[in-house]
Amino acid sequence: MDNNNEKTATKKKLSPRVILAAAGIVLLLLVLFRIFGTKEKIVTDPLSTVSVGHPEYSDISNETSLIGTVMPGDVYYVIPKASGEITEIFVATGDKVKAGDPVCTIDNSKAVDSAAISLKSAQDAVALARTNMDRMAALLQTGDISKQAYESTKNGYDQAVAALEGAQLQYDTQVEFSTVTAPVDGKVESVNMSINGLASPQSQVCVISSDGENKITINVTDRLLGAFLKGTELKVTKQGSEYAAKVTSVSSLPSSTTGLYPVEAVFTEANSIPNGSSIKVTFVSESSEHALSLDTDAVQYDGGSTYVYTISYNDENDDLGGKNAGISENNRLGTVHKVEVETGMSDNNRTEILNGIDENSLVIMSWTSQLYEGAQVQVLPEE
């Protein structure tokens, strides 16, 4: 019983000491925490580094591609000038011809015979008129007829000669019409005749496309129509090869079947591309010349707004350079500003700036997560 009381008394005597020791430890920890906590705040992380540049004037353009169809450059529908039975055919589809080469012959002997009869009659009329004029000339010399009578006879002779010339031309024409010839150098695209078939001025015997140029037909929407003017340059691509083309005509009315506007262009050095082939046609669909613009990557978008980040230098700190905490040597301390801008067209590299900044604005070209209004950053020297 005495021993228990003694232990209890001892415990009561030690309690204040324990409490004081514990308090001391807590105080020490607080001091240490305060000391180290203060040091933590003194250490400053380096500021984000950005590059800057000014907007520049440049040309911006966007290209669009459509599918076009290769067609012959100039197409000639060969039509006989006389009627008759076809007796010979000299060409086939795909043949190359020269201007003046025979295409076919036509038996127009009836027309030739008729022209020959008219020619013989005209020749006889001239001979008779000549005889009369010679006789009247002799009578005029002897004074047996008046000059007026002679002039009348001479006029009859002149008329007979004119009729003879017309008959001769008609005969030569009918003889010439018996052979149909190619009008140009080119390629026979199709043949529409047969031996013993009937030819006439109302039907074609073949179709010939001229050499030198191919034609492209493109159908475009009204939205793209403004990009096509006569003389507009196009780029044609087929199986890895590129060709230059130029617009020759633009229809002002849409096709009744497609609702699209037909555009035609010509291009050379493309004889290896068969007519009727589909090709890729690339053209400048929109462009802006000498436009104030920025690198497209420098333009940001947020909630339907378009903006850029600009920099104003903190001149009072410029002389600190690398001595200022967090700023590398040769860099400058700057304040970030978020500026809303209005943009125009853009391509993969540049974006047109219409309003908000000008060519003197200093725009941040690089991205960092620390960009916001009023943020402090270190700015690399301007290039």
For [X], I'd like to know if atom [atom1] has over 12 heavy atoms of other residues, nucleotides or ligands within 6.0 Å.
X: Glu289; atom1: CD; result: no
X: Glu373; atom1: CD; result: yes
X: Glu233; atom1: CD; result: no

For [X] and [Y], does a side-chain donor sit closer than 3.5 Å to a side-chain acceptor?
X: Glu264; Y: Thr248; answer: no
X: Ser288; Y: Glu352; answer: yes
X: Ser200; Y: Ser83; answer: no
X: Gln376; Y: Thr335; answer: yes
X: Asp172; Y: Gln168; answer: yes
X: Ser209; Y: Glu189; answer: yes

I would like to know whether Phe267 and Ile216 meet side-chain contact (heavy atoms from CB on, under 4.5 Å); could you show each step before the answer? CA-CA 8 Å; Phe267 69 118; Ile216 308 169; 3.4 Å; yes
According to ring pair (Phe, Tyr, Trp, His ring centres under 6.0 Å), does anything in residues 52-86 pair up with another residue at least two apart or in another chain? List the pairs.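 Qualifying pairs: Tyr57-His290.
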Test applied, side-chain hydrogen bond (donor to acceptor under 3.5 Å, both in side chains); reference residue, Thr351; option that passes from Thr306, Thr296, Asp295: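 One option only clears the test, and that one is Thr296.
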Can you confirm whether Thr64 sits close enough to Val284 that some side-chain heavy atom of one is under 4.5 Å from a side-chain heavy atom of the other?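 In short, these two side chains do not touch, never coming nearer than 4.5 Å.
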Decide yes or no for Ile218 and Phe283: does some side-chain heavy atom of the first lie under 4.5 Å from some side-chain heavy atom of the second?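 Side-chain contact under 4.5 Å: no.
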Ring-face cation contact, Phe177 with Lys81, 6.0 Å cut, 45° max: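 That pair does not qualify as a cation-pi contact.
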Give the intermediate values and the outcome of salt bridge (Lys or Arg N to Asp or Glu O under 4.0 Å) for residues Arg350 and Asp59. CA-CA 9 Å; Arg350 307 288 294 180; Asp59 296 338; over 6 Å; no
Are any side-chain N or O atoms of Ser361 and backbone N or O atoms of Asp358, one a donor and one an acceptor, separated by less than 3.5 Å?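 Side chain of Ser361 to backbone of Asp358: a pair is present.
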Roughly how far, to the nearest 0.5 Å, is the OH atom of Tyr150 from the CG atom of Asp144?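 Asp144 CG to Tyr150 OH: 15.0 Å, rounded to 0.5 Å.
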Are the charged groups of Asp185 and Lys96 less than 4.0 angstrom apart, N to O?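 No, no charged N to carboxylate O under 4.0 Å.
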Which atom names give the shortest non-hydrogen contact between Gln370 and Ser48, and what distance separates them?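 So the minimum-distance heavy-atom pair works out to CG-OG, 3.1 Å.
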Is Val75 linked to Val205 within one hydrophobic cluster, defined over Ile, Leu, Val, Met, Phe, Trp and Tyr using a side-chain heavy-atom separation of less than 4.5 Å?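 Looking at the clustering, Val205 is in a separate group from Val75.
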